[in-house]
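Worksheet: one structure, shown below.
Chain naming here is simple, since letters A, B, ... match the order of the sequence lines and numbering starts at 1 in each.
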Amino acid sequence: MPPNDRPIVTRFAPSPTGHLHIGGARTALFCWAFARRHGGAFMIRIEDTDQARSSEASARGILADLAWLGIDWDEGPTLAEHDRAPGGAPLKPGVIGGDPRGVAPFFQSQRLPIYNGLLDRLIESGHAYAAFETTADLEAKRKAAAAAGKQYRYDRAALDIPKPERDARARAGEPHVVRFRTPDEPVVVHDIVLGEVRVGPEELDDFVLRKADGFPTYHFGVVADDQTMGVTHVLRGQEHLYNTPKHVSLQRALGFRTPVYAHMPLIFNEQGTKMSKRERDQTARRWCAEKGLAHAPDPVRGTPGLDDAAFSAWLKDKAKQLETHALERLASEVGLSLPEVSVDDFRRAGFLPEVITNFIALLGWSPPAEAGENVEKFDLPFLAKWFELERIGKTNARFDRKKLLAFNTDAMGGMSDAEFARRWRPWCQTDAPRLAALPPEQFDALAAAVRPRSKTLREAAQSGGFLFLDDAAIAYDPKAVEKNLKADAGEGLRALRSIREGLASLPSFEPAAIHALIEQTASAMGVGLGKVAQPLRVALTGTTVSPPIDATAALLGRERTLARIDACLAANG
RNA sequence: GGCCCCGUCGUCUAGCCUGGUUCAGGACACCACCCUUUCACGGUGGGUACACGGGUUCGAAUCCCGUCGGGGUCACCA
């Protein structure tokens, strides 16, 4: 299947305009898996031709996200070990990336001479020409076409200018773009996933190859680079299907090979629309509108990005997006959880990288029967062993966060306490520093107490929150107090006083001893365990939910446990 | 709107290419029960799908056509 007998080279070519999107991660994963499966090379190329939106920081972030997922590249920008996000998938130590075949640079912004050389050839052979319309001119023409109910296509007005004059004006430095003279012939694309896709010449217009700023457009950059960098297989989302005829047509004009194409189904959100960053703003906006908020909630009101003017403008305009930090501060302040859309969102939400790669691999792909009956849980080596383009489906997939969560829960449940602690620590270092600062023995004990009942690393961290309450000023949930302390003529309070005595004189303040004491207390009172455990839980945490109560008390230690019971008795007794 | 792609449980999918072994298998979600010191986990059981309509065929989820539905795309963004 590889064209000729060249070794397979796949590439993932993100444009560095933000975080790595979950859909992009799947594209990268499939490119990676295909290369691994066939002993080929996987390359990263940064498509930073949009000077206004691209940033080096974004490129580095995307690289770090890929490495975190466990997707390594054979060729491309290098990423040093210390630049990888903590807690990522195990990858060989050292530097990822490099240039074994000598096809660098990997940033398109550094390949301008290559594009310009190719462009000269194209202009020379009459396949491309300079055009001088401004963006405003074109916009007007588009509007006019729309008003007339007609399909807009570039009218080739520039071709009416005699070639010598065109070239002279371009040479003289008049601002212009270079357009491709699209041949008047249909193009048939052979796609591994979709089959043959035929596009007539009336569908293709003379698209731009080089922008007025001298940078190539996506179409031109891709075609030039895939050829010069020896790419054999192009895997990308179906939203690119219509670009492919353009690329094939260009390849012919340039005498280039056409790589094998595979267009993958799209990933949708719960609402059945494309997953995008906007969703996060929409979620927050909807919430604020429902609450009838006129300005940001007090603690965050007026903080950067959340001043009254910005907030109300954002609230009214669906197209507006809050600055990332502002949006997240707002959400965390009001306890709203934003839908995750980028890999980093998922990382911070406490998902494990191997779970994410497993899950997204299943969006549009499934293992062959030979790999086992109904296999659904698998790791990267499995994917590298069994991945085939032929098994990529055609139908768009909805991203089901509940299923992802179930996968993550299973993965955490399958870990030993020690392994969990080892994996949890780096996450806490970046996302829950208070926990990471705990003494190692206490951290490990907390990890063990919290692991079996947590679905994500973040949830585990939240479960440990009780440790950081002020012993003397715990906020008691009124309903919990009523039900567990005051009901039945203060039965809970009696249990609390009784267990306090026992706790004070317990020789060893270990979970097992505490557990035994709770049992004794309960049986002495002639009640079930819950009648003792729950009041104690309310006293220690203010709520009815916490890790196992014996572990909770042991983690707190005798002194703080007694202090909290006394404070509770004082406040509610 | 033009062009194109897609259409199996609520969701992700297996099966479709090479019609019968499938009154359609798995997973998540859901419901019920069990377990239980909270919250979770876990266990057992359950309901739910071949979009619709025509063909072809002894026989269709599987092949063909149409309808409807969903999506993509129509930039000096990628």
Any non-hydrogen side-chain atom of [X] less than 4.5 Å from a side-chain atom of [Y]?
X      : Y      : result
A:V527 : A:E491 : yes
A:M275 : A:P339 : no
A:H263 : A:R236 : yes
A:V481 : A:K486 : yes
A:L194 : A:L241 : yes
A:V538 : A:L496 : no

Checking [X] now: which residues fulfil side chain to side chain donor-acceptor pair (under 3.5 Å) with it, not counting sequence neighbours?
X      : value
A:R142 : none
A:S54  : none
A:R156 : A:D206

Round to the nearest Å and state the distance from [X] atom [atom1] to [N] atom [atom2].
X      : N     : atom1 : atom2 : answer
A:N269 : B:C12 : CG    : C1'   : 15 Å
A:D225 : B:A78 : CG    : P     : 13 Å
A:R179 : B:A75 : CZ    : P     : 10 Å
A:F12  : B:A78 : CZ    : C1'   : 12 Å
A:K394 : B:C12 : NZ    : P     : 17 Å
A:I360 : B:U13 : CD1   : P     : 13 Å
A:R26  : B:C12 : CZ    : P     : 12 Å
A:F180 : B:C76 : CZ    : P     : 16 Å

Look at all strands and tell whether [X] reaches a base, only sugar-phosphate, or nothing, counting heavy atoms closer than 4.0 Å.
X      : value
A:G221 : nothing
A:A212 : base
A:V177 : base

What pairs of residues pass the side chain to side chain donor-acceptor pair (under 3.5 Å) test when at least one of them lies in residues 511-520 of chain A, not counting sequence neighbours? none
Residues 524-546 of chain A vs side chain to side chain donor-acceptor pair (under 3.5 Å), sequence neighbours excluded, gives A:Q534-A:R537, A:R537-A:S546, A:T541-A:T543, A:S546-A:T552
Return the residues of residues 45-59 of chain A meeting this criterion: a heavy atom under 4.0 Å from some atom of RNA chain B. Order them by number, or give none.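 Those residues whose heavy atoms fall under 4.0 Å from RNA chain B, taken from residues 45-59 of chain A in numerical order, are A:E47, A:T49, A:D50, A:R53.
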RNA chain B-proximal residues of residues 196-203 of chain A, any heavy atom under 4.0 Å: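 The stretch gives A:E203 as the residues lying under 4.0 Å from the strand, ordered by number.
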As a test of reading the structure: which of B:C76, B:C28, B:C6 is closest to the side chain of A:D400, going by heavy atoms? B:C28
Taking atom [atom1] in both [N] and [M], compute the distance separating them and give it to the nearest angstrom.
N     : M     : atom1 : value
B:C23 : B:U36 : P     : 41 Å
B:A60 : B:G19 : P     : 14 Å
B:C6  : B:C16 : C1'   : 15 Å
B:C50 : B:G7  : C1'   : 10 Å

Could you go through the salt bridge (charged side-chain N to carboxylate O under 4.0 Å, His left out) check for A:E340 and A:R401 one step at a time? CA-CA 9 Å; A:E340 303 86 3; A:R401 288 191 174 78; 3.0 Å; yes
Has the side chain of A:T456 got a donor or acceptor atom that lies under 3.5 Å from a matching backbone atom of A:F351?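 Flag not set: sc A:T456 to bb A:F351 has no pair under 3.5 Å.
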Do A:D48 side-chain atoms and A:Q108 backbone N/O form a donor-acceptor pair below 3.5 Å? yes
So which nucleotide does [N] pair with, by the Watson-Crick or G-U wobble rule with both distances under 3.5 Å?
N     : answer
B:A32 : B:U44
B:G2  : B:U73
B:U11 : B:A27
B:U22 : none

Mind telling me whether B:C41 is syn or anti, cutoff 90° either side of 0?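 Classified syn.
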Give me the one residue out of A:Y261, A:F207, A:Y218, A:F220 that meets ring pair (Phe, Tyr, Trp, His ring centres under 6.0 Å) with A:H247.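 Only match with A:H247 under ring pair (Phe, Tyr, Trp, His ring centres under 6.0 Å): A:Y218.
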Listed partners of A:R391 passing side chain to side chain contact (heavy atoms under 4.5 Å, CB included), at least two apart: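 Checked A:R391 against side chain to side chain contact (heavy atoms under 4.5 Å, CB included); matches are A:W365, A:S366, A:P368.
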Quick one: which protein N/O atoms are closer than 3.5 Å to N/O atoms of nucleotides 15-25 of chain B? Pair and distance per line, please.
| unit_1 | atom_1 | unit_2 | atom_2 | d |
| --- | --- | --- | --- | --- |
| B:G15 | OP1 | A:R391 | NH1 | 3.1 |
| B:G15 | OP1 | A:R391 | NH2 | 3.4 |

Listed pairs, N/O of protein and of nucleotides 69-74 of chain B, under 3.5 Å:
| unit_1 | atom_1 | unit_2 | atom_2 | d |
| --- | --- | --- | --- | --- |
| B:G71 | O2' | A:N396 | OD1 | 3.2 |
| B:C74 | O2 | A:Q151 | NE2 | 3.2 |

Answer with yes or no after comparing the ring centroid distance for A:F399 and A:F359 against a 6.0 Å cut-off, counting only values under it. yes
Any donor-acceptor pair under 3.5 Å between the side chain of A:K403 and the base of B:A27? yes
Output a table of donor-acceptor pairs, distance under 3.5 Å, between side-chain atoms of residues 405-418 of chain A and any protein atom two or more places apart or on a different chain; print 'none' if there are none.
| unit_1 | atom_1 | unit_2 | atom_2 | d |
| --- | --- | --- | --- | --- |
| A:N408 | OD1 | A:L352 | N | 3.0 |
| A:N408 | ND2 | A:G350 | O | 3.4 |
| A:N408 | ND2 | A:K455 | O | 2.7 |
| A:T409 | OG1 | A:L405 | O | 2.7 |
| A:D410 | OD2 | A:K377 | NZ | 2.8 |
| A:S416 | OG | A:E419 | N | 3.0 |
| A:D417 | OD1 | A:R451 | NE | 2.7 |
| A:D417 | OD1 | A:R451 | NH2 | 3.4 |

What does the list of N/O pairs under 3.5 Å between the protein and nucleotides 37-47 of chain B look like, with a distance for each?
| unit_1 | atom_1 | unit_2 | atom_2 | d |
| --- | --- | --- | --- | --- |
| B:U37 | O4' | A:G530 | N | 3.4 |
| B:U37 | O2 | A:R537 | NH2 | 2.7 |
| B:U38 | O4' | A:Q534 | OE1 | 3.0 |
| B:U38 | O4' | A:Q534 | NE2 | 3.3 |
| B:U38 | O2' | A:T544 | O | 2.5 |
| B:U38 | N1 | A:R537 | NH2 | 3.3 |
| B:U38 | O2 | A:R537 | NH1 | 3.4 |
| B:U38 | O2 | A:T544 | O | 3.4 |
| B:U38 | O2 | A:S546 | N | 2.9 |
| B:U38 | O2 | A:S546 | O | 3.0 |
| B:U38 | N3 | A:R537 | NH1 | 3.2 |
| B:U38 | N3 | A:S546 | O | 2.8 |
| B:U38 | O4 | A:R453 | NH2 | 3.1 |
| B:C39 | O2 | A:R453 | NE | 3.3 |
| B:C39 | N3 | A:R453 | NE | 3.2 |
| B:C39 | N3 | A:R453 | NH2 | 2.9 |
| B:C39 | N4 | A:R453 | NH2 | 2.9 |

